[in-house]
Amino acid sequence: MSYRSNITGAKNELFSTSSKPKAKPSSSSTRPAAKTSSSYDYSKHAAKTSSASSLPKCFLSAEAKAKKEKEAMEARDSAKKAMQSGFFTSADPLAAYGYYKKAADCYKSTCDFKKEAMMRRSAASCQMTNGHFSSAASEYKLAAKCHSNLDDYSSSSEDYRNSGVAWTYANDNSRCGEMLLESAKELDRGGLPGAAAAFEQAVESLCPDANNTFAAFRANKSESDGLGQLCTGAFVGEQLWSVVKHFVERKQLSSALYALGALTEYYENDTDSTSTLYKTYFTSSIVQISLGDIVAAEKTYMEKHLQSDSYLPTDECRIAEDMIRAVKDFDSDKVESLKKERKVNNMDVFVRNLVMEITSGGKVGGIKSSKSKPKPTPAPAPKKPAPDAAADDDDDDDDKELEEAMVDLGAELDGVDVGDDEDDEDEIDLT
């Protein structure tokens with residue numbers, strides 16, 4: 001009897017309500033072989049999940065789906081008709097927005113993200129014309145999510161950027177910076193060029209370069225004047241900290257220091273921030289040390305960080321000062337002991353990893369290229385010619401001729417009468 005039939009028989013014996021006597025299993029039945037491992041095989045589950053599409057599935061029936069598509073097409077035609085202008089009529093973007101939004105919702109229910117994104121963009125354009133900028137920003141954001149589901153990161157980044165522009169018209173710099181940050185993340189997810197410049201643009205929208213202490217460290221210079229208003233939203237600090245994390249993990253420390261300057265300015269203007277400000281001060285010192293500019297790190301620490309009385313008794317202040325001194329003195333033992341501090345281990349992972357990479361010289365290992373330049377081989381010294389007897393005789397003859405010429409020149413100079421000083425004095429008549 002197979003193992004599966006044994007299980008069926010055991011279930012019948014346990015849960016059967018009949019009065020028949022229970023049948024004993026035959027002696028010929030064999031016990032199943034014990035499994036070597038009780039762990040679950042996740043490879044089968046991964047294979048099943050990987051084959052499934054990551055896009056949301058439409059759970060509507062074919063009839064309901066066709067009905068929704070027909071309704072969306074009717075709404076789209078009504079929107080186009082509302083945007084047409086005639087001899088006695090003009091375009092009505094407000095009515096067209098309602099139709100475009102209805103069409104987008106219908107396409108959303110059918111999981112047609114491409115057509116939904118098109119309707120969202122048209123609805124946002126109508127709202128921009130109407131002057132309803134917050135509503136337009138929301139529609140652009142929904143269109144960006146549709147393109148993100150389709151892995152069209154370029155279009156998604158563009159929609160997020162348009163949403164940020166709409167929030168700028170609505171005088172909401174905090175949400176503008178959030179949308180610009182999402183736009184940069186989409187470029188980074190797709191591996192598209194310009195992601196670093198987009199992150200720095202998002203930082204500038206939250207903190208203008210005029211208020212940023214480390215504005216000179218910006219890798220991608222902007223054409224704007226750097227003037228604007230410092231954003232004081234509730235989640236600006238978290239957004240800027242995510243930018244710092246992005247740059248540090250990719251070893252773009254110059255841009256990370258630029259973002260830290262904006263983050264420091266934000267927390268210094270917030271009177272309630274304490275531990276977050278200390279963490280920002282400490283990270284700024286570590287990044288400057290990692291860049292190899294120990295002089296700038298010490299100057300920033302002395303002229304700015306120490307001016308905060310509440311920062312002086314903290315562990316961050318002590319470790320930052322000891323690290324600067326150890327790097328200046330090339331004290332590798334002190335640097336290694338500071339890496340084992342409990343406060344360092346409690347820092348964020350990317351900050352802790354950056355501290356662990358610091359050497360006694362200051363720069364982290366990831367900044368320098370892994371390939372060392374080959375040392376130039378010295379040029380071989382010219383070999384001296386072997387002594388030749390004939391050459392020695394020629395040299396002796398040349399020396400003799402030179403001595404004779406010098407003797408003749410001396411005799412000629414002796415024969416020249418240049419006059420004496422006494423004769424010159426006699427020729428002068430003072431009377």
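Computed from a prediction, not measured in an experiment: that's the story for all the values here.
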*Can you list every pair that meets ring pair (Phe, Tyr, Trp, His ring centres under 6.0 Å) and has a residue in residues 132-154, with sequence neighbours left out?*
Phe133-Tyr169

*Decide, yes or no, whether a salt bridge links Lys340 with Glu336 under the criterion of side-chain N to carboxylate O below 4.0 Å.*
no

*Could you tell me whether the side chain of Phe282 reaches within less than 4.5 Å of the side chain of Thr314, counting heavy atoms only?*
no

*Are Glu182 and Arg161 ion-paired here, with the side-chain N under 4.0 Å from a carboxylate O?*
no

*Residue Lys221 excluded, over 12 heavy atoms near NZ under 6.0 Å*: yes

*Ser157 (side chain) donor-acceptor with Ser154 (main chain) under 3.5 angstrom*: no

*So with a 6.0 Å cut-off around NZ of Lys339, is the heavy-atom count from everything else above 12?*
yes

*Run the numbers on Met119 and Cys106 for side chain to side chain contact (heavy atoms under 4.5 Å, CB included), then give the verdict.*
CA-CA 10 Å; Met119 296 298 102; Cys106 291; over 6 Å; no

*Smallest separation among heavy atoms of Ser242 and Leu181, with atom names*: OG-CD2, 3.8 Å

*Measure the acute angle between the ring planes of Tyr278 and Tyr311, then classify it against the limits of 30° and 60° as parallel, tilted or perpendicular.*
tilted

*Do the non-hydrogen side-chain atoms of Gln127 and Pro93 ever get within less than 4.5 Å of each other?*
no

*May I ask you to check whether over 12 heavy atoms, not counting those of Tyr97, lie within 6.0 Å of atom OH?*
yes

*Examine distances only and state if a side-chain atom of Ser183 and a backbone atom of Met179 form a donor-acceptor pair shorter than 3.5 Å.*
no

*Output yes when Asp172 and Arg175 qualify as a salt bridge under the 4.0 Å nitrogen-oxygen rule, no when they do not.*
yes

*Is any side-chain heavy atom of Met118 less than 4.5 Å from a side-chain heavy atom of Arg121?*
no

*NZ of Lys304: more than 12 outside heavy atoms within 6.0 angstrom?*
yes

*Should Arg325 and Lys334 count as side-chain neighbours, where that means a heavy-atom distance under 4.5 Å?*
no

*Flag the pair Asp188 and Arg250 as a salt bridge only when some basic side-chain nitrogen lies within less than 4.0 angstrom of an acidic carboxylate oxygen.*
yes

*Measure from NZ or CZ of Lys279 to the centre of the six-membered ring of Trp241, then state whether that distance is under 6.0 Å and the direction lies within 45° of the axis.*
yes

*Considering only NZ, NE, NH1 and NH2 on the basic side and carboxylate oxygens on the acidic side, decide whether Arg120 and Asp105 come within less than 4.0 Å.*
yes

*Counting only heavy atoms not in Glu63, do more than 12 sit closer than 6.0 Å to its CD atom?*
no

*Is Met83 close to Asp92 at the side-chain level, that is, under 4.5 Å between some pair of heavy atoms?*
no

